[in-house]
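Note that this is a predicted model, so its numbers are computed, not measured. Below, chains carry the letters A, B, ... as their sequence lines are ordered, and counting in each starts from 1. When reading the values below, keep in mind they use all heavy atoms of this one structure, side chains included, and skip hydrogens, waters and symmetry mates.
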There are 2 protein chains.
Amino acid sequence: MGRSGVARGNAAEAAIAQGGVELDLQRYFPYQLARLAEQVSLAVAEVYSERFALTRQEWRVLAILGMRPEIATKEIGPLTTLDKMQVSRAVQGLESRGIVGRKHHPDDRRELIVSLTPAGRALYRKIVPLALARESKLLEALTADEVAALDRVMGKLSAALA
Amino acid sequence: MGRSGVARGNAAEAAIAQGGVELDLQRYFPYQLARLAEQVSLAVAEVYSERFALTRQEWRVLAILGMRPEIATKEIGPLTTLDKMQVSRAVQGLESRGIVGRKHHPDDRRELIVSLTPAGRALYRKIVPLALARESKLLEALTADEVAALDRVMGKLSAALA
DNA sequence: CGAAATTCGTATCAGATGTTACTATTATCT
DNA sequence: AGATAATAGTAACATCTGATACGAATTTCG
C-alpha cells in the first residue's frame, strides 16, 4: 500500500509526519465565510459610506425605518443585530444630522420612538435603489439556481446556529 | 385588474404607495451574509478565545504557522487577510506568551521571520482538532451536497469580487 | 559611490467600540 | 401604598482599532 498523505500537500504531510493534525486556513469554512462577508461588506459600504457618510450601524437603522414609519428604539436591536449601545449611538448620529426624529412613548416615558424626518425619507429613497443595485451586481456572478441554493443553505445554517 | 402590491407585505406596499422603493433588511443578501458570518465567527471563537485567550488575529497567525515552519511577517498579511498593523500586534501578542519566536532575516535585516516555539506547536496541536471539530459540527446541519454547493458558490462569489 | 526612493515593521495618536454603572421610569410584590 | 425589582437608554471609562508618520535597512538611479 502507498504511504499515507499521498493526496495532500507537502505542508500537510509534514505536519502529519510530526504526529499532528493540520488546518489549512484557506480551506477552513469559518475563515472563507468571514473573508467573503468582509469583501461583500466593503463592496456594499461604498454605497452608503462614501456617498452618504453613514456607518454600517446607521445604515441598518435607516433600512429598518424605511419599512416602519415609527419604531421603538428597543425593537431596533433585534431587527438589526446591533446591541443597545450601538443602536443608541446610531440613532443619535442620525438625529444629529436631521435624518430621524425621536419622541417619548406616551404610555412609557422610558421608551423612545424613532421615525424618519422628511429629509431622512428623501435620503432613504436615494440610497435604497443604489443598495439594491449593488446587491444585484454582486449576485450577477451567480446563476439564479445558485442564488436560490445559497439563500436556502445560508438560512439553514443560520437557523441551526440560533 | 387588481391593485399593485398584492403579493407584498404591508410595509412594502406602504413604501410603494409613497412612490418609493423599499428594502427588506432581513432579506438583503449582504446583511444575511454578515449576520451568518458573525454567528459562525462567534461559534468558532469559543474554541480559541475562551479556552486559550487568543484573539481572532492571533488565531489566524497561529493557523498559518502550523503549516509553515518559518514565515516572513510580510507574508502573513495576504494569507490571513490582516493588515500589517494587525499582523504586527498579533505576532507581538503571541511572542509575549512564548507561542512564537522571531529573528531577523539574515539577508535583509528589515524582515522578521516568525516560527512556532515548542510551546506554540503544542498549543497548535491542542487547538486544531477542536477547531476542526467545530467546523464539522457547524456543517453537520447541511448535507454533503449542500456543503459542496456552498463551497463552490462562495468561491465563485469571492473570485468575482477580487 | 552617494542621494533619493522604497520597504519593513512599529510607535503614536485619534476615533471607534465594548463594558460597566448609573438615571429615570415603570412594573411587581407584600 | 411603599419598598423592591426590572427595563430603557445613556454616560463614562477602558480597550481596541485604524491611519499617519517615523526609524532602520535596503534598493534604485544619477
Side-chain angles (χ1 to χ4, degrees), chain A residues 34-35 37-39 41-42 45-46 48-50 52-62 64-65 68 70-97 99-115, chain B residues 34-35 37-39 41-42 45-46 48-50 53-61 64-65 68 70-97 99-115:
Chain A
R35 194 159 47 75
E38 179 69 15
Q39 289 181 94
S41 175
L42 281 174
E46 285 176 13
Y48 57 77
S49 166
E50 293 182 3
F52 302 100
L54 295 173
T55 67
R56 187 166 48 99
Q57 290 88 336
E58 289 166 349
W59 153 242
R60 286 189 185 176
V61 170
L62 179 62
I64 291 297
L65 283 167
R68 298 273 310 260
E70 289 197 330
I71 188 170
T73 299
K74 68 171 178 176
E75 293 180 80
I76 295 177
L79 291 172
T80 54
T81 331
L82 301 174
D83 71 22
K84 67 178 183 176
M85 196 68 235
Q86 290 179 305
V87 171
S88 174
R89 282 169 173 151
V91 172
Q92 278 180 46
L94 293 171
E95 185 182 40
S96 74
R97 277 176 287 162
I99 294 168
V100 306
R102 292 191 285 183
K103 64 182 184 193
H104 283 283
H105 183 107
D107 296 343
D108 186 340
R109 294 167 39 75
R110 288 171 303 185
E111 290 185 23
L112 289 172
I113 307 297
V114 186
S115 56
Chain B
R35 192 158 49 73
E38 178 69 16
Q39 289 180 91
S41 175
L42 282 174
E46 286 175 14
Y48 56 78
S49 167
E50 293 182 3
L54 296 172
T55 66
R56 188 167 47 97
Q57 290 89 336
E58 289 167 348
W59 154 243
R60 285 190 185 175
V61 171
I64 291 299
L65 282 168
R68 298 273 307 260
E70 290 197 329
I71 187 170
T73 300
K74 67 171 179 176
E75 294 180 79
I76 296 177
L79 291 172
T80 53
T81 331
L82 300 173
D83 70 21
K84 67 176 181 174
M85 195 68 235
Q86 290 178 305
V87 171
S88 175
R89 282 170 175 150
V91 172
Q92 279 181 45
L94 293 172
E95 186 182 39
S96 74
R97 277 176 286 163
I99 294 167
V100 306
R102 292 191 285 184
K103 64 180 184 195
H104 283 284
H105 184 107
D107 296 343
D108 186 339
R109 292 166 42 73
R110 290 170 304 184
E111 292 186 22
L112 288 173
I113 308 297
V114 187
S115 56

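If you take NE2 of His104(A) and P of dT10(D), they are 9 Å apart, rounded to a whole angstrom. Atom CG in Asp108(B) sits roughly 10 Å away from atom C1' in dT27(D) (whole-Å rounding). In this structure, the CD atom of Gln92(B) is 18 Å from the P atom of dC8(C), given to the nearest Å. In this structure, Met85(A) places its CE atom 10 Å from P of dG18(C), rounding to the nearest Å. Going from atom CG of Leu112(A) over to atom C1' of dT23(C) covers 14 Å, rounded to whole Å. Per the geometry, CD belonging to Glu95(A) stands 9 Å off P belonging to dT10(D), to the nearest Å. The interatomic distance linking Arg109(B) (CZ) with dG23(D) (P) rounds to 18 Å, in whole Å. The distance from atom CZ of Arg56(A) to atom P of dA16(C) is 14 Å, rounded to the nearest whole Å.
Each of Gln86(A) and Lys84(B) lies near DNA chain C, and the nucleotide nearest Lys84(B) is the one positioned closer to the 5' end. Between Glu111(A) and Arg89(A), the one whose closest nucleotide on DNA chain D sits nearer the 5' end is Glu111(A).
Residue Thr73(A) places at least one side-chain N or O under 4.0 Å from the OP1 or OP2 atom of dG9(D).
With Arg60(B) contributing its side chain and Thr80(B) its backbone, the two residues share a donor-acceptor pair below 3.5 Å. Arg97(B) contributes a side-chain N or O that, together with a main-chain N or O of Ala53(B), makes up a donor-acceptor pair within less than 3.5 Å.
Among the atoms of the strands shown, only primed sugar atoms or phosphate atoms (P, OP1, OP2) are found under 4.0 Å from some heavy atom of Arg102(B).
Checked by distance alone, Arg110(B) brings a side-chain donor or acceptor within 3.5 Å of a matching partner on the base of dT7(C).
The distance from atom OG1 of Thr73(B) to atom CG of Leu112(B), rounded to the nearest 0.5 Å, is 5.0 Å.
Nearest heavy atoms, Ala34(A) versus Ala37(B): CA-CB, 4.5 Å.
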